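Working notes, structure below.
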Amino acid sequence: MLKTCEIANRDPDSVNLLAVSKTMGVDAVATAIHAGQKHFGENYLQDARPKVSAFPEATWHFVGGIQSKKTRDIANAFGWVHSITTEKVAKRLSEQREPTLGRLNCLIQVNLSNEDQKSGVTQDEAIRLAGQIATLDQISVRGLMAIPAPTADPAAQAATFRLLRDLKDEIESRHGLPEFNQLSMGMTNDFVEAIKQGATWIRIGTAIFGPRNKP
Ligand SMILES: *Cc1c(COP(=O)(O)O)cnc(C)c1O
């Protein structure tokens, strides 16, 4: 990652490593924390719970699909949510977040490949949703997240990530949101291109923890 930052002329402090610990046990998270890792990503509440309770000092990021009945727990156990796709869920998270915790950092998940089976909103919907979420009390709308269709072609990876960056810039200026400056993009197989294109969070599971246990 340091080497990629050097090649991409990026300040390493501007790229954050999110360790995606989904399906891993408490021990694996403990090892990463002892190595200095501070941010962890989870995509199922049930799977996340024992780890969040064991390590409240870490910052927990929710990166999975959100059911309405889970919003209260997600709003209060996590510091960041990368996977907002509806105003309804954002409203519930805002209403249910304990004010003493401060605002919940939220990213809107965009479906860049426009594949029906992938979750995420269209680019037009993202522009509208950002304006709606920006008015909520207990939420700080911070930027965009995407999980592009996998491809081994670096040029194709770069083109998709550039789309997300341009959309983030457009929303930031159109709605006048100075805090809308985060880009969550890049996983084990495409984080190099993501860093080159401006990622501020790369979400890495396999390259840190090895192959995943079955959920
Ligand atoms: C599992 C997951 C990752 C990590 O994927 P790897 O390819 O193992 O690095 C990143 N982001 C999300 C949303 C995930 O669900």
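Every value quoted in this text rests on a predicted model; they were computed, and no experiment measured them. Both counts, for ligands and for their atoms, begin at 1 and track the order of listing. Quick note: numbers below take in every heavy atom, side chains included, and nothing from hydrogens, waters or symmetry partners.
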The closest protein heavy-atom partner of atom 4 (C) of ligand 1 is Gly205 N, 3.6 Å
Considering only the protein, which heavy-atom contact is closest to atom 8 (O) of ligand 1, and what is its distance? Thr206 OG1, 2.5 Å
Give a yes-or-no answer on whether the side chains of Gln109 and Ser83 include a donor-acceptor pair shorter than 3.5 Å. no
Which class fits the ring pair Phe40 and Phe209: parallel under 30°, tilted 30 to 60°, perpendicular over 60°? tilted
Using a strict 4.0 Å cut-off to heavy atoms of Val63, name the atoms of ligand 1 that fall inside it. 13 (C)
Judging by distance only, is a nitrogen or oxygen of Asn189 under 3.5 angstrom from one on ligand 1? no
Please state which protein non-hydrogen atom is closest to atom 9 (O) of ligand 1 and give its distance, to 0.1 Å? Thr188 OG1, 2.5 Å
Ligand-side contact atoms (ligand 1) for residue partner Ile147, heavy atom cut-off under 4.0 Å: 13 (C)
Under a 3.5 Å cutoff, is there a donor and acceptor pairing between the side chains of Ser140 and Arg103? no
For Asp27, is there any backbone N or O sitting under 3.5 Å from a side-chain donor or acceptor partner on Thr31? yes
Quick one about Arg97 and Asn76 (side-chain donor to acceptor, distance below 3.5 Å, no hydrogens or angles considered), yes or no? no
Candidate with minimal heavy-atom separation from atom 2 (C) of ligand 1, of Met187, Lys22, Arg203: Lys22
Under a plain distance cut-off of 3.5 Å, with no hydrogens placed, do Thr200 and Gln182 share a side-chain donor-acceptor pair? yes
Consider only side-chain N and O atoms of Gln157 and Thr151, and report whether a donor and an acceptor are under 3.5 Å apart. no
Atom indices of ligand 1 within 4.0 angstrom of Ile204 heavy atoms, with elements: 9 (O)
Measure the distances from the heavy atoms of His82 to every atom of ligand 1 and state whether one is below 4.0 angstrom. no
Output yes when the distance from some N or O of ligand 1 to some N or O of Met145 is under 3.5 Å, and no in every other case. no
